[in-house]
Each structure stands twice: as structure tokens, then as C-alpha cells.
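Here the structure comes first, spelled out in C-alpha cells, and everything after it is commentary.
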Amino acid sequence: QVQLVESGGGLVQAGGSLRLSCAASGRTSTSYSMGWFRQAPGKEREFVAAISWNGGSTRYADSVKGRFTISRDNRKNTVYLQMNSLNPADTAVYLCARTDGIWALISPADYVYWGQGTQVTVSS
């Protein structure tokens, strides 16, 4: 079974930056796409960013495009989310997820494996 563990969350001021990491273990084939989602209390899980199996294609939610960057290092079995120009609306638990395919997808239903999440809090 694939296990995903997120790290890098924390408390930052508006306008600040954080970099999240997602480390994969278990059945860690790199031939799959990865994504980041976020969920705030009382809200549905929201797509943030996705990256194809080889990093050649990325997709972003409109709310984060231009501010967030997803990347991956398959040698380290790790996916990153660089978050810049953070604002309080970005406050949420950020979750890493993996599909069974190779393309960058945006629907939570396309993702099979999920991490436990890391908290990101942006103060004003």
C-alpha cells in the first residue's frame, strides 16, 4: 500500500511563503500523477494543483494560479507545493494525493491514495 506523508505546514503572515512536501513510501512507483488538495473546517475538499507522472504537465486551481507551484522529484519520491503570496483564504489542511494514472487530474474522485494532511494557517 502506498503511504503519503505531508510536511512543511505552519503559521505565516499574509504575503509570506511556505513549501510543502509529500513523501511517498510503500509501493512507490513514479509512474503516476500527483495532486494537492486543501480542506478548511466546514468546507469541501478543494483542488489546488496537480502534476503528471513525469512533471511535464501541471494544473492549478484558479484561486492559486500564479502563486503556487507544484513540482516533483521522482528520485526522492517526493512532491512539493511552493506557496507564495499567501493570504488568509489559503488557510486549510493541505493534503497530498496520488492517482492510478499518469495525467494531471483535478477531481478528488480521480485520486486513490491520500495523506493525512498538514496545517497551513495564514494570519492577516
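Scope of the values below: all heavy atoms of this structure, side chains included, with no hydrogens, waters or symmetry mates.
- Not a single salt bridge (charged side-chain N to carboxylate O under 4.0 Å, His left out) links Arg19 to another residue, sequence neighbours left out.
- In this structure, the salt bridge (charged side-chain N to carboxylate O under 4.0 Å, His left out) partners of Asp90, at least two apart in sequence or on a different chain, are Arg38, Arg67.
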Just list the side-chain donor-acceptor pairs under 3.5 Å for residues 117-124, sequence neighbours left out, or say none.
| residue | atom | partner | partner atom | Å |
| --- | --- | --- | --- | --- |
| Thr118 | OG1 | Gly9 | N | 3.2 |
| Gln119 | NE2 | Ala92 | O | 3.4 |
| Gln119 | NE2 | Thr121 | OG1 | 3.3 |
| Ser123 | OG | Val12 | O | 3.4 |

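- Counting only residues at least two apart or on different chains, no disulfide (SG to SG under 2.5 Å) pair has a member in residues 31-66.
- Counting only residues at least two apart or in different chains, disulfide (SG to SG under 2.5 Å) contacts with residues 57-93 are absent.
- Judged as a salt bridge (charged side-chain N to carboxylate O under 4.0 Å, His left out), and not counting sequence neighbours, the contacts of Asp100 are Arg98.
- Under the side chain to side chain contact (heavy atoms under 4.5 Å, CB included) criterion, Ile106 pairs with Phe47, Arg59, not counting sequence neighbours.
- Trp53 is linked by a side chain to side chain contact (heavy atoms under 4.5 Å, CB included) to Ser31, Ile102, counting only residues two or more places apart in sequence or in another chain.
- In this structure Thr78 satisfies the side chain to side chain contact (heavy atoms under 4.5 Å, CB included) test together with Ser21, Ala23, Lys76, Tyr80, sequence neighbours excluded.
- Residues satisfying the side-chain hydrogen bond (donor to acceptor under 3.5 Å, both in side chains) criterion with Ser7, sequence neighbours excluded, are absent altogether.
- Partners of Gln116 by side-chain hydrogen bond (donor to acceptor under 3.5 Å, both in side chains), not counting sequence neighbours: none found.
- Hydrophobic side-chain contacts under 4.5 Å tie Leu11 to no other Ile, Leu, Val, Met, Phe, Trp or Tyr residue.
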